[in-house]
Amino acid sequence: MSSAEVLAPRAIDLLARLVAFDTTSRLSNLALIEWVEAYLAGLGVSSRRVPNADGTKTNLMATIGPHIEGGVILSGHTDVVPVDGQPWSSDPFVLTKRDGRLYGRGTCDMKGFLALALAVAPDLAARRLKRPVHLAFSYDEEVGCLGAPDMIAAFAAEVPKAAAVVVGEPTLMQAVSGHKGISTFKVTVTGREAHSSMTHLGVSANMVAIKLMSRLSDLSEALATEVDPGSLFTPSWPTLTIGQINGGTAVNILARQCVFFFDLRCPPGRDPRAILADFFALAETLDAEVKARVPEGGVKIEVRSLTPAFAPEAEGAAEALARRLAGDNGPPRVAAYAAEAGQFQGAGFSTVICGPGSIDQAHQPDEYVEISQMQRGAAFMARLIAEVVET
């Protein structure tokens with residue numbers, strides 16, 4: 001069996017290959033998936049795609065070992081966030097080593113974990129396993145965890161029940177047992193253009209949108225008063241922000257359309273639709289008012305994502321496994337960001353988040369993962385081999 005000293009450089013070589021694929025969420029991930037398929041096939045491991053509707057992107061799932069219950073799922077997303085406008089010191093799609101760090105887009109979020117999972121695959125494929133290890137590589141996590149649900153459903157329907165899911169988001173190789181959920185919405189207000197001196201002839205979409213955004217701003221401030229001293233989350237309350245606004249064409253024209261996006265992040269146990277009930281009611285009222293003046297207008301709300309929260313599990317099997325493999329005896333931890341862990345948990349899988357790198361480096365220019373983190377991840381995988389190999 002390979003030691004951590006062997007697995008770490010193997011994983012770093014694989015990370016260089018993975019970083020070279022530009023899998024920004026707006027693009028396809030098929031080239032990376034094809035490469036992974038070929039890599040696994042060379043080990044005698046078959047894999048299965050779970051594509052999106054038009055086949056331009058796909059999840060990939062694979063099983064190494066016996067077709068029995070009790071396996072471990074190593075899960076990670078293949079997409080990365082854009083580098084547009086960021087002041088990188090080196091090519092973001094070329095792995096660059098400097099001062100004990102590995103720079104490149106996705107190094108910590110989260111191709112470092114994918115590389116570790118692929119690095120351990122040759123050892124798993126070459127040995128008789130007493131329980132399987134599954135690979136679960138998803139698409140479009142960065143834009144709302146959109147790809148994973150179909151793959152998770154396929155695991156639930158087709159694969160004997162796994163005992164644990166390890167989602168390899170960057171946690172400094174420490175077990176994280178909870179995260180907030182994220183709900184994202186697109187709001188489109190349509191009015192009618194007219195000269196700004198003749199407001200009675202049209203409807204300004206911007207003016208209607210301001211009322212909606214004001215309601216969200218008030219709600220955000222109200223939520224910030226719901227401090228929970230016993231919560232592990234920072235901040236402990238649900239957070240609501242408006243991230244994008246685009247409306248109007250000129251200062252002296254009533255805006256025909258205004259579009260804005262907002263997100264709501266809730267701790268476990270909070271229902272985003274209940275929190276937003278008054279906002280939805282206001283949107284219905286304004287929609288009717290606009291339509292009464294200009295029938296072609298109105299207010300439309302689209303749900304972009306409803307990623308569930310991930311709640312700490314009492315005596316969770318996945319957390320116990322991750323702590324054992326990571327040598328982690330630290331306190332309970334949760335994350336403010338959202339991930340696919342809540343989706344796995346919602347499908348009945350015991351789940352934990354544990355992966356190399358720090359979330360502080362994610363999405364940044366000059367994103368990096370420490371080589372020492374890859375070495376810790378390699379030690380995790382070496383212990384996983386010992387955990388599942390028949391003796």
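Quick caveat, the model's predicted, so the values are computed rather than measured.
Using a distance-only test at 3.5 Å, with no hydrogens or angles considered, a donor-acceptor pair links the side chain of Ser350 to the main chain of Ala317. Ser231 places no side-chain N or O within donor-acceptor distance of the main-chain N or O of Val227, the cut-off being under 3.5 Å. Looking only at distances, no side-chain donor or acceptor of Arg256 sits under 3.5 Å from a matching main-chain atom of Gly191. Between the side chain of Ser47 and the backbone N or O of Leu60, no donor-acceptor pair lies under 3.5 Å. Judged by distance alone, with hydrogens and angles left aside, the side-chain atoms of Thr307 form a donor-acceptor pair with the main-chain N or O of Gly144 at under 3.5 Å. Panel note: side chain Arg376, backbone Pro356; no donor-acceptor pair is recorded below 3.5 Å. Between the side chain of Thr24 and the main chain of Leu27, no donor-acceptor pair closer than 3.5 Å is present. For the pair His134 (side chain) and Thr63 (backbone), a donor-acceptor distance under 3.5 Å is absent. Judged by distance alone, the side chain of Arg215 and the main-chain N or O of Phe280 form no donor-acceptor pair under 3.5 Å. Ser138 contributes no side-chain N or O that, together with a main-chain N or O of Ala136, makes up a donor-acceptor pair within less than 3.5 Å.
In this structure, the side-chain contact (heavy atoms from CB on, under 4.5 Å) partners of Thr241, at least two apart in sequence or on a different chain, are Asp263. Take Glu289 and apply the side chain to side chain donor-acceptor pair (under 3.5 Å) test, not counting sequence neighbours, and it matches no residue.
Put simply, the residue from Asn59, Asn29, Thr58 that forms a side chain to side chain donor-acceptor pair (under 3.5 Å) with Thr78 is Asn29. Considering Val259, Ile245, Leu212 in turn, Leu212 is the only one that fulfils the side-chain contact (heavy atoms from CB on, under 4.5 Å) rule with Val187.
Between Arg105 and Asp91 the shortest side-chain heavy-atom distance does not fall below 4.5 Å. Two residues are said to be in side-chain contact when any heavy atoms from C-beta on lie closer than 4.5 Å; Leu74 and Val165 fail this criterion. Counting only heavy atoms from C-beta outward, the side chains of Glu367 and Pro92 never approach each other to under 4.5 Å. Contact check for Leu129 versus Pro66: side-chain heavy atoms found under the 4.5 Å cut-off. Between Thr107 and Leu95 the shortest side-chain heavy-atom distance falls below 4.5 Å. Between Leu114 and Leu135 the shortest side-chain heavy-atom distance does not fall below 4.5 Å. Proximity of Pro122 to Tyr39: side-chain heavy atoms (C-beta onward) are separated by under 4.5 Å at one or more points. Looking at Leu276 and Phe185, their side chains come closer than 4.5 Å, going by heavy atoms from C-beta outward.
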Ser204/Asn206 under side chain to side chain donor-acceptor pair (under 3.5 Å): CA gap, chis, key distance, verdict: CA-CA 5 Å; Ser204 169; Asn206 286 351; 5.0 Å; no
Evaluation steps, side chain to side chain contact (heavy atoms under 4.5 Å, CB included), between Glu340 and Ser75: CA-CA 9 Å; Glu340 295 165 342; Ser75 174; 4.0 Å; yes
Pair Ile385-Leu7, side chain to side chain contact (heavy atoms under 4.5 Å, CB included): steps then yes or no: CA-CA 11 Å; Ile385 296 172; Leu7 289 175; 4.3 Å; yes
Step-by-step side chain to side chain donor-acceptor pair (under 3.5 Å) determination, Asp109 to His363: CA-CA 8 Å; Asp109 187 18; His363 301 191; 3.1 Å; yes
Intermediate values then yes/no, side chain to side chain contact (heavy atoms under 4.5 Å, CB included), Phe279 and Phe262: CA-CA 12 Å; Phe279 170 78; Phe262 71 95; 3.9 Å; yes
Trace of the salt bridge (charged side-chain N to carboxylate O under 4.0 Å, His left out) decision for Glu37 with Arg49: CA-CA 9 Å; Glu37 288 172 327; Arg49 295 187 183 192; 2.7 Å; yes
From CA spacing to verdict: side chain to side chain contact (heavy atoms under 4.5 Å, CB included), Arg273, Val303: CA-CA 11 Å; Arg273 291 190 178 276; Val303 179; 3.8 Å; yes
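With respect to Asp287 and Lys291, a salt bridge is recorded, a charged nitrogen being found less than 4.0 Å from a carboxylate O. A salt bridge links Asp328 with Arg333: the closest approach of a Lys/Arg side-chain nitrogen to an acidic carboxylate oxygen falls below 4.0 angstrom. By the 4.0 Å N-to-carboxylate-O rule, Glu387 lies close enough to Arg324 to be salt-bridged with it. Taking a cutoff of 4.0 Å between a charged side-chain nitrogen and a carboxylate oxygen, Asp140 and Lys57 qualify as a salt bridge. Using a cut-off of 4.0 Å between Lys/Arg side-chain N and Asp/Glu carboxylate O, Glu370 and Arg101 are scored as salt-bridged. Of the charged side-chain nitrogens involved, none lies within less than 4.0 Å of a carboxylate oxygen, so that Arg26 and Asp79 do not count as a salt-bridged pair. For the pair Arg192 and Glu296, the salt-bridge criterion is met [side-chain N within less than 4.0 Å of a carboxylate O].
Ring orientation note: the planes of Phe310 and His179 are tilted relative to one another, at an angle of 30° to 60°.
Atom-to-atom distance recorded for Cys145:SG and Leu306:CG is 11.5 Å, nearest 0.5 angstrom. One distance of note links CE of Met213 with OG of Ser220; it measures 14.0 Å at 0.5 Å rounding. In this structure, the separation between CZ on Arg270 and OG on Ser183 is 12.0 Å, given to the nearest 0.5 Å. Here OG1 of Thr188 is found 6.5 Å from NZ of Lys300. Values are rounded to the nearest 0.5 Å. Rounding to the nearest 0.5 angstrom, the gap separating the CG atom in Asp366 from the OG atom in Ser90 is 5.5 Å. To the nearest 0.5 angstrom, Leu321 atom CG is 7.0 Å from Leu384 atom CG.
More than 12 heavy atoms of other residues, nucleotides or ligands lie within 6.0 Å of CZ in Arg48, so this atom counts as buried by the packing criterion. Applying the 6.0 Å contact sphere to CD of Glu315 captures no more than 12 heavy atoms from other residues, nucleotides or ligands.
Under 3.5 Å, the side chains of Asp228 and Ser236 contain no donor-acceptor pair of N or O atoms. Side chain to side chain, Thr239 and Lys180 fail the donor-acceptor criterion of an N or O pair below 3.5 Å. In summary, the side chains of Gln345 and Glu313 do present a donor paired with an acceptor at a separation below 3.5 Å, with no hydrogens or angles considered.
Because its NZ or CZ atom is both nearer than 6.0 Å to the ring centre of Phe349 and within 45° of the ring axis, Lys161 counts as a cation-pi partner of that residue.
The distance between the ring centers of Phe137 and Phe113 does not fall below 6.0 angstrom.
The shortest heavy-atom contact between Pro149 and Gln343 is CG-NE2, 3.4 Å. Among all heavy-atom pairs drawn from Ala115 and Leu15, the shortest one is CB-N, 3.7 Å. Contact detail for Leu254 and Val203: the closest heavy-atom pair is CD1-N, 4.0 Å. Taking both residues in full, the closest heavy atoms of Arg323 and Gly330 are given as NH1-O, 2.9 Å, listed atom of the first, atom of the second, then distance.
Cluster membership for Leu32 and Leu116, using ILVMFWY side-chain heavy atoms within less than 4.5 angstrom, is shared.
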